[in-house]
Amino acid sequence: MAGSELATDASSAPDTVKILIAGGFGVGKTTLVGSVSEIVPLRTEEPLTMAGLGVDDLDGIEEKRATTVALDFGRITISRELVLYLFGTPGQQRFWFMWNDLALGALGAVVLVDVRRPECSFAAIDFFERRGIPFVVGVNGFHGEHPYPAEDIREALALPEHVRVLLCDARDRESCRDVLIALIDQLIASAVQA
């Protein structure tokens, strides 16, 4: 290929935006990435084993059989000019060391919350607040149920007003799309203000 052809190809490449999907163990990160990705997502799930007994807290998620051990990856093409790369973080505390590497270059994040176990979301919220990475909160309604309104969840998590809290269902593509749109809107608004 001639040098001018390379330049043309490189200049027509779409802009990419890296988004993290984070939250505690078993909140639905892998499900969200899978439901909204246009490609078959990369998953690094492994079966839960006896080695996790006493380490992994399965209270409220006793039916869970596998867990992400590295990351989940999906892609969404917004237009010829813009592609979102979704990186789902592992939720178990013993894998949190990977979050720093996964966060490199991320413009924003979705923190998934399970209202049955809200304490599982505190570490993710703290992670993004400390690093100044913008995020929205998606409240995953397990079994399609949302027993609390978004404002009650905001108050329980002590979130500032600028952090959007959205009720969602990680199994539903449109619901997940709406959460991602809210994050993109927040990122655009922040860029305009800067």
Are side-chain heavy atoms of [X] and [Y] found at a separation under 4.5 Å?
X	Y	answer
I76	V83	no
V165	V136	no
P149	D152	yes
V115	P147	yes

Minimum heavy-atom separation for [X] to [Y], with atom names?
X	Y	value
F25	R117	O-NH2, 2.8 Å
S35	C176	OG-SG, 3.3 Å
L166	D178	CD2-O, 4.4 Å
W99	P90	NE1-O, 2.8 Å

Between [X] and [Y], is there a donor-acceptor pair closer than 3.5 Å when you use the side chain of the first and the backbone of the second?
X	Y	answer
R75	S37	no
R154	V163	yes
N140	A170	yes
K29	L20	no

Does any donor atom in the side chain of D72 or T30 lie under 3.5 Å from an acceptor atom in the other side chain?
-> yes
Salt bridge (charged side-chain N to carboxylate O under 4.0 Å, His left out) pairs touching residues 122-144, sequence neighbours excluded, are D126-R130
Would you please test L167 and I153 for side-chain contact (heavy atoms from CB on, under 4.5 Å) and show each step?
-> CA-CA 10 Å; L167 304 179; I153 294 164; 4.1 Å; yes
Under the side-chain contact (heavy atoms from CB on, under 4.5 Å) test, which residues partner D185, sequence neighbours left out?
->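 side-chain contact (heavy atoms from CB on, under 4.5 Å) list for D185, sorted by chain: I181.
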Verify the neighbour count for atom CD of E155: are there more than 12 heavy atoms of other residues, nucleotides or ligands below 6.0 Å?
->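 No.
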From V111, N100, T89, residue fulfilling side-chain contact (heavy atoms from CB on, under 4.5 Å) relative to F127 | N100
